[in-house]
Chemist: 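Starting off with a structure, shown below.
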Amino acid sequence: MALHRDIYWLGRQWAVTGFGLQAIDQRLKGAFDVEGAKLWEDGTLDQLRAQPWLNAADLDKALAAARKRYPEPPRKVLSPVEATLRLSESILSQPARLSPQVLKLSAEGQLAKFSPQWRIRR
């Protein structure tokens with residue numbers, strides 16, 4: 001993708017534009033461009049930081065300038081139903097923790113006693 005026409009900050013490898021954070025090198029064909037709304041998402045820049053050609057200092061400066069230009073969007077407020085579902089999913093994903101007293105089961109020599117069946121007659 002070509003650089004957006006509105007350029008707000010220009011570094012050695014990165015530019016903050018009307019699109020967001022863009023690599024200046026056009027041979028990359030926009031593969032590492034980050035949209036302005038995605039600058040605050042976790043894990044978005046991990047792929048960039050793993051590249052061997054990356055100038056980390058320039059990326060940090062560009063990211064700071066881009067985050068000033070594109071403020072963090074407000075977090076989505078969950079409805080009570082969604083919050084309850086997420087809470088129940090997190091509880092169910094955790095393994096159950098039983099106390100040692102619950103795990104200690106013994107019969108201690110007593111036999112089970114069965115009560116007689118009772119029936120209702122007409």
Chemist: Is there a side-chain contact between Leu21 and Leu59, using heavy atoms and a 4.5 Å cut-off?
Modeler: yes

Chemist: Working to the nearest 0.5 angstrom, can you tell me the gap between Asn55 CG and Gln13 CD?
Modeler: 5.0 Å

Chemist: Looking only at non-hydrogen atoms, find the nearest pair between Ala65 and Val16 and report the distance.
Modeler: CB-CG2, 4.0 Å

Chemist: Donor-acceptor pair, Asp33 side chain versus Gly20 backbone, under 3.5 Å?
Modeler: no

Chemist: For Arg69, I'd like to know if atom CZ has over 12 heavy atoms of other residues, nucleotides or ligands within 6.0 Å.
Modeler: no

Chemist: Could you report the tightest heavy-atom contact between Ala62 and Trp14, atom names first, then the distance?
Modeler: CB-CB, 3.6 Å

